[in-house]
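Please read the structure below before turning to the comments.
Chain naming here is simple, since letters A, B, ... match the order of the sequence lines and numbering starts at 1 in each.
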Protein chains: 2
Amino acid sequence: MAVAKKNLFTDEENRIADLAKAISHPARVSILLYLIKKNSCVCGDIVDELPLSQSTVSQHLKELKRVGILQGDIEGTRTCYCINPKVWMEMGNLFKVLTEKFKGCC
Amino acid sequence: MAVAKKNLFTDEENRIADLAKAISHPARVSILLYLIKKNSCVCGDIVDELPLSQSTVSQHLKELKRVGILQGDIEGTRTCYCINPKVWMEMGNLFKVLTEKFKGCC
DNA sequence: TTATTTAATCGTAAAAATACGATAATTAAA
DNA sequence: TTTAATTATCGTATTTTTACGATTAAATAA
């Protein structure tokens with residue numbers, strides 16, 4: 001299922017899936033938890049926190065930026081990463097709504 | 001990152017990532033929304049709801065079963081699918097906790 | 001028993017994700 | 001200006017995911 005088949009599903013289904021995909025790798029969850037723990041924009045030292053190479057971490061950061069969860073501000077030779085509160089809330093809400101839709105059945 | 005590198009991350013990170021992976025495809029989100037809408041265990045007609053072949057849908061169901069979100073009870077020649085409330089709650093909680101950990105920063 | 005129905009599994013092709021080293025680009029420091 | 005630091009991107013190998021048709025397996029119906 002490449003690009004063309006995206007419209008076989010609703011926008012909501014696609015967005016939920018896309019946000020879930022962004023956090024579907026432990027390295028990316030780890031990055032987010034680290035940013036949250038620091039409670040500030042973090043420059044650079046994310047690579048040192050992860051057991052992965054610099055280029056791989058950079059790729060994971062790119063994926064988080066792709067869906068909008070992260071924003072990266074260039075400051076000199078460094079890049080400062082922040083969680084985007086708007087998208088974070090959107091994600092939390094979509095997951096919450098999905099979760100609470102199910103009231104139990106059997 | 002195959003099997004061996006799983007222990008480079010915490011159990012929590014791995015579990016969140018694994019549950020997110022399960023809902024990281026629009027077809028699987030679609031399946032879940034359909035089951036929720038029906039508000040009962042659903043036998044068989046999931047395939048008719050999706051724009052995918054029977055074997056592909058079966059694969060997606062398998063992935064949802066793998067993480068425990070779905071259970072499938074065989075009844076004669078059919079299989080009835082239900083959301084597992086326990087795992088569903090676990091997932092909702094993990095996502096909720098993750099979401100609420102971030103209080104904003106910049 | 002012999003069909004039919006239903007769903008899982010197999011085999012496989014194509015696409016996407018993951019990981020890394022090497023390289024490039026940009027800025028700051030010497 | 002030259003060097004160092006930092007991060008993104010490139011090229012690429014490997015693994016995983018996705019998708020489908022064909023087949024198998026199991027239960028039911030004829």
Side-chain angles (χ1 to χ4, degrees), chain A residues 1-9 13-14 17-32 34-35 41-67 69-82, chain B residues 1-9 13-14 17-32 34-35 41-67 69-82:
Chain A
M1 198 200 70
V3 184
K5 284 202 176 176
K6 281 269 156 149
N7 57 343
L8 295 179
F9 301 98
E13 285 161 355
N14 283 322
D18 211 32
L19 284 166
K21 186 153 75 74
I23 61 167
S24 72
H25 193 292
R28 294 195 288 268
V29 176
S30 189
I31 287 170
L32 293 172
Y34 177 66
L35 286 173
C41 292
V42 167
C43 293
D45 47 346
I46 299 173
V47 171
D48 303 325
E49 290 292 311
L50 295 186
L52 297 169
S53 75
Q54 182 266 321
S55 58
T56 301
V57 172
S58 196
Q59 258 184 183
H60 283 304
L61 290 167
K62 194 178 180 183
E63 169 68 8
L64 288 168
K65 277 189 285 183
R66 184 186 62 80
V67 292
I69 293 177
L70 282 196
Q71 58 195 70
D73 299 321
I74 297 169
E75 290 190 13
T77 157
R78 294 166 173 269
T79 306
C80 294
Y81 287 98
C82 265
Chain B
M1 197 200 70
V3 184
K5 283 200 175 176
K6 282 268 154 145
N7 57 342
L8 295 179
F9 300 99
E13 286 161 353
N14 283 322
D18 211 32
L19 284 166
K21 185 152 76 73
I23 61 168
S24 72
H25 192 293
R28 294 195 287 269
V29 176
S30 189
I31 287 169
L32 292 172
Y34 177 66
L35 286 173
C41 293
V42 167
C43 291
D45 48 345
I46 299 174
V47 170
D48 303 325
E49 290 292 311
L50 295 186
L52 297 169
S53 75
Q54 182 267 320
S55 57
T56 302
V57 173
S58 195
Q59 257 184 184
H60 283 303
L61 289 167
K62 194 178 180 182
E63 169 68 8
L64 288 168
K65 277 190 285 182
R66 184 187 61 82
V67 293
I69 293 177
L70 282 196
Q71 57 196 72
D73 299 321
I74 298 168
E75 290 192 12
T77 157
R78 294 166 172 269
T79 307
C80 294
Y81 286 99
C82 266

Interatomic distance where [atom1] belongs to [X] and [atom2] belongs to [N] [whole Å]:
| X | N | atom1 | atom2 | answer |
| --- | --- | --- | --- | --- |
| B/Asp73 | D/dA27 | CG | P | 15 Å |
| B/Asp45 | C/dT6 | CG | P | 10 Å |
| A/Ile46 | D/dT7 | CD1 | P | 9 Å |
| A/Leu50 | C/dC20 | CG | P | 11 Å |
| A/His25 | D/dT15 | NE2 | P | 15 Å |
| A/Glu49 | D/dT7 | CD | P | 13 Å |
| A/Arg66 | C/dT18 | CZ | P | 10 Å |
| B/Leu52 | D/dG21 | CG | C1' | 14 Å |

Original post:
How far apart are the closest heavy atoms of A/Ser24 and B/Ser24, and which atoms are they?
Top reply: CB-CB, 4.5 Å
**OP:** Could you list the residues that satisfy side chain to side chain contact (heavy atoms under 4.5 Å, CB included) with B/Gln71, not counting sequence neighbours?
**Re:** B/Asp73, B/Cys82, B/Asn84
Subject >> side chain to side chain contact (heavy atoms under 4.5 Å, CB included) involving B/Lys62 - partner list, sequence neighbours excluded >> reply: none
Tell me whether the side-chain N/O atoms of [X] come closer than 4.0 Å to OP1 or OP2 in [N].
| X | N | answer |
| --- | --- | --- |
| A/Lys21 | C/dA17 | yes |
| B/Tyr81 | C/dT6 | no |
| A/Arg78 | C/dT26 | no |

Original post:
Are side-chain heavy atoms of A/Leu61 and A/Thr79 found at a separation under 4.5 Å?
Top reply: no
Subject >> Within residues 53-63 of chain A, residues whose heavy atoms come under 4.0 Å of DNA chain C >> reply: A/Ser53, A/Ser55, A/Thr56, A/Gln59, A/His60
Subject >> Closest listed nucleotide, where the reference is the side chain of B/Arg28 and the choices are D/dT18, C/dT18, D/dC20 >> reply: D/dT18
Subject >> A/Glu63: salt bridge (charged side-chain N to carboxylate O under 4.0 Å, His left out) partners, not counting sequence neighbours >> reply: A/Lys21, A/Arg66
**OP:** Assign the ring pair A/His60 / A/His25 to parallel, tilted or perpendicular, where the plane angle (0 to 90°) is split at 30° and 60°.
**Re:** tilted
Subject >> First encountered from the 5' end of DNA chain C, between A/Ser24 and B/Gly44 >> reply: B/Gly44
Would you list the atom pairs, donor with acceptor, under 3.5 Å between side chains in residues 43-53 of chain B and any protein atom, with sequence neighbours excluded?
residue : atom : partner : partner atom : Å
B/Asp45 : OD2  : B/Tyr34 : OH           : 3.0
B/Ser53 : OG   : B/Ser55 : OG           : 3.3
B/Ser53 : OG   : B/Thr56 : N            : 3.3
B/Ser53 : OG   : B/Thr56 : OG1          : 3.0

